[in-house]
Structures are given as structure tokens and as C-alpha cells.
There are 2 protein chains.
Amino acid sequence: MNKSEAIQALTALAHDTRLDVFRLLVEAGPEGLAIGNIGEMLDVPAATLNHHMTLMKQAGLVKCMRAGRKLIHSADYDRMDAMLSYLTKNCCQGSACFPGKGSAHD
Amino acid sequence: MNKSEAIQALTALAHDTRLDVFRLLVEAGPEGLAIGNIGEMLDVPAATLNHHMTLMKQAGLVKCMRAGRKLIHSADYDRMDAMLSYLTKNCCQGSACFPGKGSAHD
DNA sequence: TTGTTATTTCTATATTTCTAGAAATATGAA
DNA sequence: TTCATATTTCTAGAAATATAGAAATAACAA
């Protein structure tokens, strides 16, 4: 992951609705959720939600597969991991900012 | 750290210049850097840089102390750690998104 | 006090992001 | 094909963020 990808992922999470969506998708696990379901749960109009999902997909934090007429969205844990890893490696010089704690991402 | 604080910290890092600033401050260590020095290093006008520093200070990622006529800014590692911890705990359900890796933030 | 350096505030403009209704498109069922 | 459901695209206005020049403020030195 490079810098602009990391910024994209950070931006994707730095929004109230999008953070809610990501958490829902993490809870939902690999089976994921359809946009319609997410929209109901969070009470967000389809067009607005679609805009946010597009950003998250572009950032790579959300994957999407069609199942019939539903589009199943799920969280990409690896991408999230890569972003956290980028932050600790490139912004915190390894574990430098976590003295005595070590890193989850060696 | 609560959700809106986490979003504030994510937003603070999700910007090209601000991410550069944070990295510079991490490299500089506890001695920190004056805004003027940062502005020279990154070639950003003082007013623009001040705007970004204000956001980062509000997000708690940057601390600031006066030393003579210079204002020394330094990275707040604890805040960064708190944000990463919030993300893994609240968005990834503990170590759920890092199978077999454990967490740096227990 | 006067001057110099460092930073912030004021201000305005430019740009980007957010929101969501309406229309279009895609899928599958009857 | 016709209909219902699911999602996306189009569109436009609203809101937020970014940029930076100029003026104001703060600290210290001479």
C-alpha cells in the first residue's frame, strides 16, 4: 500500500455513515449485506448510500459480489490491515509509537 | 476515545500535507519542530500550514508548546495509538480482522 | 521603544464532498 | 413480455474543506 492508497482508506473511514457501514459489514462477516439492508438499518437513502459505498469500494475496504438481484457487500479485512500496517510502519516508524507493545503487523 | 474523536483523528491523517506533517513530527521525536521549519521542509505557506496544524491539534494528534518565539509541535503517540486501538476494537471486533496475528493494543 | 522573527487570525475564493430526488438500468419472477 | 425489486447514474444544490495573501499578534533582542 502506498501513501495515496492509505489516504484513500483513511478518508473512506473518516465519515460517520461510512464508519457505521464498515462496522456493520465487519459484524456481518464474509456473508456480507445488500445495500438495501444497510440502507434500512442505518436509515440512509439509496443514492446517498451508493455514493458512500462507491468511495469505500474505490478505497478497497469493501468488496462486492452479485447474488441474484442483490449486490452483496462485505468488508475487506486485508485492506484494513494493510492500512493499519501502513500507518504504523510509515507514520510511526515501526513500533516506535507503541513503546513496549510490539506490533500486530510484523 | 469515542466514535467522533476517532473520525476526527482519521480526518486529520487523511490529507496529503497533514500525513507528511505527522510523519515529520514522528521522525523529529519528542523535541518536535517549529511550524516555520515544517513549512520550509514541505514548502507550504504559513497560513495554509497553520490551518492544517489547527485541525491536527483539535484531533489531538499534535501537541504544541511555546519555546521562546517558536512554537514547538510534536506528535502525540498516545492519541495515534488510541485511534488505531479504536479501529481494531470497534471496527474489527478485537482482533477479528487480523486472524492469528493478535493485537498490539490489548 | 523599535525592529525582527514566528505564528495566528482574518478574509475571500476555489475546490471538494455530501446529500438525495428522479430517472435509468439490471435481475429474476409471473 | 410485464412487473417488482435492487442498485446505479444523473443532477444539482448545500455544506464543508482547502488555499493563501495580508494584517494582526506574540516574543525577544538591541
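Protein chains get the first letters and strands the later ones, always in sequence-line order, with residue 1 at the start of each.
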Whole Å only: how far is the [atom1] atom of [X] from the [atom2] atom of [N]?
| X | N | atom1 | atom2 | answer |
| --- | --- | --- | --- | --- |
| I7(A) | dT17(D) | CD1 | P | 17 Å |
| H15(A) | dA15(D) | NE2 | C1' | 11 Å |
| L55(A) | dT19(C) | CG | C1' | 12 Å |
| D43(B) | dT19(D) | CG | C1' | 14 Å |
| Q8(B) | dA16(D) | CD | C1' | 14 Å |
| L19(A) | dC18(C) | CG | C1' | 17 Å |

Quick one: which protein N/O atoms are closer than 3.5 Å to N/O atoms of nucleotides 6-9 of chain C? Pair and distance per line, please.
{"residue": "dA6(C)", "atom": "O4'", "partner": "R69(B)", "partner atom": "O", "Å": "3.4"}
{"residue": "dA6(C)", "atom": "O3'", "partner": "R69(B)", "partner atom": "O", "Å": "3.4"}
{"residue": "dT7(C)", "atom": "OP1", "partner": "I35(B)", "partner atom": "N", "Å": "3.3"}
{"residue": "dT7(C)", "atom": "OP1", "partner": "L71(B)", "partner atom": "N", "Å": "3.0"}
{"residue": "dT7(C)", "atom": "OP1", "partner": "L71(B)", "partner atom": "O", "Å": "3.4"}
{"residue": "dT7(C)", "atom": "OP2", "partner": "G36(B)", "partner atom": "N", "Å": "2.6"}
{"residue": "dT8(C)", "atom": "OP1", "partner": "K57(B)", "partner atom": "NZ", "Å": "3.4"}
{"residue": "dT8(C)", "atom": "OP2", "partner": "N50(B)", "partner atom": "OD1", "Å": "2.4"}
{"residue": "dT8(C)", "atom": "O5'", "partner": "N50(B)", "partner atom": "OD1", "Å": "3.1"}

Exercise. Looking for any heavy atom pair under 4.0 Å, which part of the strands does L49(A) touch: base, sugar-phosphate only, or nothing?
Worked result: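 L49(A): no heavy atom of the nucleic acid under 4.0 Å.
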A side-chain contact here means heavy atoms from C-beta on lying under 4.5 Å apart; do [X] and [Y] qualify?
| X | Y | answer |
| --- | --- | --- |
| L25(B) | V62(B) | yes |
| D20(B) | K3(A) | yes |
| M53(B) | V21(B) | yes |

Exercise. Which pair of non-hydrogen atoms, one from F22(A) and one from L61(A), has the smallest distance, and what is that distance?
Worked result: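 Looks like CE1-O, 3.6 Å.
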Exercise. So, E40(A) side chain and N37(A) main chain: donor-acceptor pair closer than 3.5 Å or not?
Worked result: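 Absent.
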Problem set entry | R18(B) side chain to L13(B) backbone, donor-acceptor under 3.5 Å |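 No: the side chain of R18(B) does not pair with the backbone of L13(B).
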For this session: May I ask you to evaluate whether T48(B) reaches the phosphate of dT19(D), defined as a side-chain N or O under 4.0 Å from OP1 or OP2?
Result: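 Answer is no, no contact under 4.0 Å.
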